[in-house]
Amino acid sequence: MRQKELRIALVCYGGVSLAVYMHGVTKEVWHLAQASRDHHSGADAGGGITGVYRDLIRHCEEQSGLRLRILPDILSGASAGGINAVFLSQAIFAGYSLDPLTELWLESADVDRLFAEEARPGWRFAKFWAQPLAEYVLRRPGNAVSESVAPETRSEVREKVSRLIRGRWFAPPFSGAGMSRLIWDALQAMAQADAGPPLLPPGHPLDLYVTTTDFRGYLAELRLNSPPVVQESEHRLPISFTADTPAIPGMAFADPLELTFAARATSSFPGAFPPLRVPEIDALAKSEGAAWQGRDAFLLRIMPTHSAAGVAESVSLIDGSVLVNRPFEGAIEAQRGRPAHREVDRRFVYIDPRPDRVGSLRDDHTKPVGFFGAIFGSLSTIPREQPIRDNLEALAEQSREAERLARITRGLRPEVEAAIERLFGRTLFLDNPNPRRLRNWRNRAQQAAAERAGYAFQAYAQAKFDGIVERLARLICDAADGADALDPVLVGARLRIALQARGLDTLAAPGGGANDAAIAFFRQHDLDFRVRRLRTIARRLSREWEADPEIDDAALDHARERVYDILALYFDREGTAHLGEDFPALAQAVFTEPGAVLERLEQRHLLPSVDEQAEALLAEALQAMPTNLRRRTLLTYLGFPFYDVATLTLIGGDGQRELNPVKVDRISPDDARSIRPGGTRSTLRGIEFYNFGAFFSRAYRENDYLWGRLHGAERLIDIVLSTMETDKVKVDSKAWKRRAFLAILDEERGRLRANPRLISTIEAEIEARLGPA
C-alpha cells in the first residue's frame, strides 16, 4: 500500500480573546494526530471525536489504497495564539492531554480573574470620583458597550468594565505574575495527568516558534556599501524550541519554566499586562521550588546580545503580535533538514478567526471614530502585521522550485543512467556491492561527472566551496564564546584567506575537474554533498519507487530505514556538540589562528571515517535488496554527481531544505459553513467589544471554544480528504462532518453550562442542514 505523510505546520495568529476560538481549533489538531497515532499503532482510539477521525482515516485508506500518517510537527504562534502553540507542542511531544488548557481558557481567562490584586477596587465606592466617567463611558448614547456587545450580556460587561475603569489607572490592570502562574499551573496539570504515547514518531523533530517584542530594543549591525557597517534598532525577539520526539511518553518538550516564559512573553498585551522580565519567572521558580537548570543557556540562546552585555534580566518583553502577528517566517525556516521516510504532503495551516478585519472597520465609515474605538481599534482590531501575501508568495516560489527541480532531474535521468551503464557496464548490477567496491565506484563516478561537465564544473565547484565556507563560518560563530561578537561574513572572509594560502586560490585541475587540494578539501568538509545524495535516494524510495508494483513493499521499507540510519551518521557531524569542550575558545581566536581552527574541524568532523561506516551500511542494504531495487538504487547513488553538477546552482547550495511542493490551508469561520452560514459574525462572540468580548463572559468563551472545535473538525476533514486523493474514490464528506460535529457536542455537553441552549441550538442546525444522525 502506498504511504504518505500529511505534515502540518500550524500558524496561530494573535487575536486577543479570540484565542479561545483558536484553542478549540488546536484541540481538533491534537485529536486528529491522536487518531493517526492510534491507527498506525493498532491501539483502540475509543469513541468520541478521536474515534471518528480514526474511522475516517481507515475508511479513506480502504477506498484509496493510501496509508496516511498525520504529523503536526511545526507550530508557530503570536500573542494568545502563541499560548495555544506552546501547549499544543507540549501535548504532541509528551502525549499529554490538552484539557488543562481548556480549563485555563474557560475558567481563568476572565477580567475578574486576571485583575492584579493591587489594581482591584477595594470597595464599592472606590474612586467615587471616577464613577461619573464610568457612567458616561458605559451608558451614553452610542457607547462602546451598546455598539459592540449583545443585549443579553451588556449588564455583565458593563459591570466588569466599570471595575476596570475604577481600578488602578496609569498601570496595567492585570497581573503579570498571576498570568505566569496560571500558565505554569496548567502545564503542571498536564504533566500530572496520565500520558499516552507521543503523537509523532520517535526521532521526528518538533519545532515551536513564538514571537515576542523587545520594548526597548537593541542595536543590530547591518552591512552596507557606504558606510560598511551601521547599527539599527531591532525589536523582534522570537523564541524557538526544537527537539526530537522521544519513544516514551511523559518527556517534557522543554523546561516548563521556559515554556511559561515563552507563553507569558508572547501574550503580554500592551496596557493590559506589564511587560515580562526575567525576574518574574525567577520568582515563580522560587515560589514553586522548581530549579531552572538551563536558565543561563536559555537566556543566551534567545537574547544573545543582551546576555553578552549582561543586561538580559532587565529586558522588557511585550506582546509578539505588536510586530509579527502572522508568524509564518519561523515555520518556513523550520522546514529545513526535515527527514522524509515516505511521500510528504506539506501543509501550512493558519488559523484566522477574523479574516474580515478591514471590512468590519468600514461598516460604520460614516461615523467618527470614538474614544474607546480609537484606543482598542489601534491595539487589537487594526492589523499590525506584514501582509500574508509576502509569506504565501515565498511558499509558492518554494513549490515552483521543487517542481522545477523535479522536472530537470526527470529530464536528466535517461542520459545519466545511460552514462553510468556505459561507465561500469551492465554487469555492475550483478556484482556483490561490498564497501571497497562502493568506494571505488563512487570515486570513479565523481571523477567522470567532473570531467564531462566541462567548464560548467568550475561554477559547480565554486558553489560547493562557498557553501562549505559559509557553513563552517556559522558553525564557528555558534561555538564561540560570546557568539554575538563574531560576524559570519567576516569569519568566512578570514577562512577564505587561510584556504587560499593552502592552495585553494583555484579549484580547477589542468585536465578538467577539481585539483588535488580541492578534492582533499571537499572530502574533509563537504557534509552537504553527502546529505544531498542520501536525500535523493530517500526521495526516490518514498515517492517514485513506492508506486511501482514491481518493487516489494517490505524491501522498500527496509531500504528506507537503512538510508536514514546512514543519514544519522552524517547528522551527528552537524552542530557543535562533537567538536569538544575546548573548541569554543579556539573558535573565538579564528581571526588570529584560522589554520588551527580548520585543522581542529578536520580532526573532529572525521567525514572520511564516517564515509567508511556509511559505505559498510549501504553495502549491507544493497545486498539485501531484490535485484530490481538494487539496480535503481545504485544508478541513483552513482549517478548523483551528474545530477548535482546540473542542479546545485539552481537550489543555491541548499541541500538541507525539505524540497516539497507546499500547500496552504486556512481555518476560519468564513471557511467552515456546513452548520451555520455567515462566517465570523454569525458564530463568534469574542469579536464584541473590539475582540475583548470573551474576556468579559464565560458564556462567550464557551461559545467560541465550541465553534473553534466544530470549525476545526470541518476544515481538518477537508484537508485529510484532499491529501487522500478522494476525488478518485467515493467518500461522503457531509456524513463524516455530521458524525464529527455530533461527537464534539456529546463530549462538551457536561462542560459547557453557561448557556443551556448552546448545544441544543447547534444540534438543531446540524439536523436541519446535514440531516438527522
Side-chain angles (χ1 to χ4, degrees), residues 337 435-436 438-447 449-450 457-458 460-480 488 491-509 513-535 566-580 582-584 586-587 589-591 593-618 637 640-641 644-645 648 653-656:
R436 181 180 59 81
L438 270 181
R439 182 168 59 255
N440 291 335
W441 294 343
R442 170 173 55 81
N443 290 336
R444 189 176 172 187
Q446 289 178 191
Q447 183 64 27
F457 180 78
Q458 293 311 312
Y460 167 71
Q462 192 63 54
K464 279 163 63 85
F465 179 81
D466 289 343
I468 294 169
V469 171
E470 290 169 6
R471 182 175 59 80
L472 294 179
R474 290 193 301 268
L475 189 69
I476 291 166
C477 293
D478 289 343
V491 172
R494 187 66 186 91
L495 293 179
R496 284 185 175 84
I497 293 172
L499 290 168
Q500 288 171 3
R502 290 184 170 192
L504 285 166
D505 51 328
T506 180
L507 305 175
N515 60 34
D516 290 343
I519 291 172
F521 177 75
F522 292 147
R523 283 179 176 167
Q524 290 289 347
H525 295 291
D526 198 356
L527 177 63
D528 288 346
F529 175 84
R530 276 96 161 171
V531 172
R532 287 196 303 273
R533 179 170 56 198
L534 290 165
R535 283 192 183 281
I566 299 168
L567 270 170
L569 297 175
Y570 292 110
F571 289 155
D572 286 344
R573 299 292 95 187
E574 295 180 333
T576 61
H578 66 284
L579 297 177
D582 58 341
F583 186 73
L586 181 60
V590 65
F591 291 106
E593 301 181 64
V597 174
L598 286 168
E599 289 173 6
R600 182 63 59 85
L601 288 170
E602 291 166 3
Q603 295 167 4
R604 300 288 170 84
H605 269 144
L606 297 173
L607 288 185
S609 65
V610 175
D611 289 340
E612 294 179 7
Q613 301 175 58
E615 280 159 353
L617 289 174
L618 182 58
Y637 182 75
F640 177 74
D644 206 43
V645 167
L648 181 64
D654 186 357
Q656 299 297 311

Q. Just by distance, with hydrogens left out, do Tyr570 and Asp528 show a side-chain donor and acceptor under 3.5 Å apart?
A. no
**Q.** Rounded distance [0.5 Å steps], CZ in Phe522 versus CD1 in Ile468
**A.** 5.5 Å
Q) Given side chains that start at C-beta, do those of Leu507 and Lys464 come closer than 4.5 Å, heavy atoms only? A) no
Q: With the side chain counted from C-beta on, respond yes when Arg439 and Arg436 share a heavy-atom pair under 4.5 Å apart, and no when they do not.
A: yes
Q: Enter the distance from Leu606:CG to Asp611:CG here, rounded to the nearest 0.5 Å.
A: 11.0 Å
Q | Point-to-point distance, once rounded to the nearest 0.5 Å, from CG of Leu618 to CD of Gln613 | A | 13.5 Å
Q) Would a distance-only check, ignoring hydrogens and angles, find a side-chain to backbone donor-acceptor pair under 3.5 Å from Asp644 to Arg533? A) no
Q) Say you draw a straight line from NE2 of His525 to CG of Leu598; how long is it, rounded to the nearest 0.5 Å? A) 5.5 Å
Q) At what distance, to the nearest 0.5 angstrom, does OG1 of Thr576 lie from CG of Leu601? A) 11.0 Å
Q. Aromatic rings His578 and His605: how do their planes relate, parallel, tilted or perpendicular, breaks at 30° and 60°?
A. tilted
Q | Closest contact, heavy atoms only, Ala473 versus Gly492 | A | CB-N, 3.7 Å
Q.
Measuring only between side-chain heavy atoms, which start at C-beta, is Phe583 closer than 4.5 Å to Val597?
A. yes
(Q) Using 0.5 Å steps for rounding, measure from the CG atom of Leu579 to the CD1 atom of Ile476. (A) 9.5 Å
**Q.** Beyond-backbone contact of Leu495 with Val590, side-chain heavy atoms, under 4.5 angstrom
**A.** yes
Q) Should the pair Arg496-Asp466 be classified as a salt bridge under the 4.0 Å nitrogen-to-oxygen rule? A) yes
Q) In this structure, which one of Arg502, Arg573, Arg523 forms a salt bridge (charged side-chain N to carboxylate O under 4.0 Å, His left out) with Glu602? A) Arg502
